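Here the structure is a predicted model, which means the values were calculated and not measured. Chain letters run A, B, ... following the sequence lines, proteins first, then strands; residues in each count from 1. Scope of the values below: all heavy atoms of this structure, side chains included, with no hydrogens, waters or symmetry mates.
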Number of protein chains: 2
Amino acid sequence: MGEAETAREQVVRAADELFYTRGVQAVGMDAVRTAAGVSLKRIYSLFSSKDELVVAVLRHRTQMWDAGIASASENATTARERLLAIFDFLDAWFRESDFHGCAFINTHGELSASSQAVADAVREQKRSFQEYVGRLVDEIGGTPDLAAQVAILAEGAQTTAAIAGTPDAARHARAAATTLLDAAVPAHV
Amino acid sequence: MGEAETAREQVVRAADELFYTRGVQAVGMDAVRTAAGVSLKRIYSLFSSKDELVVAVLRHRTQMWDAGIASASENATTARERLLAIFDFLDAWFRESDFHGCAFINTHGELSASSQAVADAVREQKRSFQEYVGRLVDEIGGTPDLAAQVAILAEGAQTTAAIAGTPDAARHARAAATTLLDAAVPAHV
DNA sequence: TACGGTAGAGAACGATCGTTCTCCGCGCAA
DNA sequence: TTGCGCGGAGAACGATCGTTCTCTACCGTA
């Protein structure tokens, strides 16, 4: 059982890296097998289809995203700081050499038309993120509309950074978020 | 020649609709042939590869985008109105029943890892749009940074609307853009 | 009427995909 | 030791892809 857990994690981790780097459809199950060091038979006993593996990879990415946001917010003491920490997290991410855009957005563009399960998994992650932003905005007295605006900035920054190939969008989105927060919530200082 | 132009247009239009609805990799050249009513031999005499057809489709989409923005800005008399008209255009687009997100973002997520030509075509379209926004922002006395912020809102709205499946993002992005413009440029009234 | 060249329809080809199956070797109960 | 079941390696399968090739019908021209 512990062994099975490890094999499953190896497959998910290997598939995640391959899918993110080359795209899902460009990676065959043979490549996953080789990278994970787990036989095809075992992979198909853990996941009934490639689609299911993709969903598992997206869930793994969700955990990584949540952990990254939490880590970037560690030193933040207020909800406002935690909101802005999102964009600091994006900035650091965009500067990584293997940054290829948001895996959820990429996978949605690639597979949402042919796989409802994938589309649902992506939508769920975005909904969860919007909820997180919504809680923080509520803490500082902002409206749900303001939360939606901040979330749109985060999405736009990821898309822009991926296509342009530069990390500038994080800085721009952070500045825009600051303006929106200042305009909606009277500064306490 | 006029005939060739027409055949080329038929192929591009048919491919555009198929690619946008089902995704590029999910559509075979046989499906393009059937939908366009043009033989494979002729298609491959017009485009040397599927990749080249994809680039031609993206260029066609660029023209449609530019025309849509121009049409939505028809009644605008000021640069500020033309900027906000972008979000009205997005709002109307998001409400169309066959809206499946931004074709450039989708195609980038699907093929940028495997086709440099596609990645370049997408980047060029986004750069062109950012330039358009930049000109309008400059007209009202805003900085390039403000233009980047407005462009990020537009990108984020498209991504959010595509994944969530609702048109709300256009309204939110428009309100955010209004706040940003008001904060950066003193109102004249 | 005879003919050269073009274009259409779709068969054919080689590659690759997701998925399944076969074979083999190893660990364990009696 | 002998038999048994499980898992690993990867061959095999059927489908599908992008691309090319073959064959045929038809066109204007002499």
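- Residues passing the salt bridge (Lys or Arg N to Asp or Glu O under 4.0 Å) test with B:Lys50: none are found, sequence neighbours excluded.
- Ring orientation note: the planes of A:Phe94 and A:Phe99 are tilted relative to one another, at an angle of 30° to 60°.
- Heavy atoms of B:Ser45 sit nowhere under 4.0 angstrom from any nucleic acid atom.
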Candidate pair A:Arg123 and A:Asp120, rule salt bridge (Lys or Arg N to Asp or Glu O under 4.0 Å), full reasoning | CA-CA 5 Å; A:Arg123 175 155 37 228; A:Asp120 289 345; 3.4 Å; yes

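- Residue pairs meeting the ring pair (Phe, Tyr, Trp, His ring centres under 6.0 Å) criterion with at least one member in residues 11-37 of chain A, sequence neighbours excluded, are A:Tyr20-A:His100.
- With ring centers used as reference points, B:Phe129 lies under 6.0 Å from B:Trp65.
- In the region residues 28-39 of chain B, proximity to DNA chain D at under 4.0 angstrom, judged on heavy atoms, holds for B:Gly28, B:Met29.
- Atom OH of B:Tyr44 is separated from atom P of C:dA9 by 17 Å (rounded to the nearest Å).
- Near-neighbour residues of DNA chain D inside residues 109-119 of chain A, defined by a heavy atom below 4.0 Å, are absent.
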Which dot-bracket notation, 5' to 3', represents the base pairing of DNA chain C when pairs are defined as Watson-Crick or G-U with both distances under 3.5 Å, crossing pairs as [ ], and inter-strand pairs as |?
-> ||||||||||||||||||||||||||||||

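- The salt bridge (Lys or Arg N to Asp or Glu O under 4.0 Å) check on B:Arg127 picks up B:Glu124, B:Glu131, with sequence neighbours excluded.
- Shown here are the salt bridge (Lys or Arg N to Asp or Glu O under 4.0 Å) partners of B:Asp145, two or more places apart in sequence or in another chain: A:Arg171.
- Contact footprint of chain A on DNA chain D: nucleotides with an atom under 4.0 Å from a non-hydrogen protein atom, first to last in 5' to 3' order, D:dG7 to D:dG10.
- Residues B:Glu81 and B:Thr77 have side chains that bring a donor and an acceptor to within less than 3.5 angstrom of each other.
- Judged by closest nucleotide on DNA chain C, B:Leu40 is the one of A:Lys50 and B:Leu40 placed further toward the 5' end.
- Partners of A:Arg95 according to the side chain to side chain donor-acceptor pair (under 3.5 Å) rule, which considers only residues two or more places apart in sequence or in another chain, are A:Asp91.
- The salt bridge (Lys or Arg N to Asp or Glu O under 4.0 Å) test applied to A:Glu155 returns A:Lys126, not counting sequence neighbours.
- For A:Ser114, the side chain to side chain contact (heavy atoms under 4.5 Å, CB included) criterion is met by A:Leu111, not counting sequence neighbours.
- Nucleotide C:dT22 holds its C1' atom 9 Å from the NZ atom of A:Lys41, rounded to whole Å.
- Not counting sequence neighbours, B:Glu139 has no partner by the side chain to side chain donor-acceptor pair (under 3.5 Å) test.
- Salt bridge status for A:Arg13 with A:Asp16: absent, with no side-chain N to carboxylate O gap under 4.0 Å.
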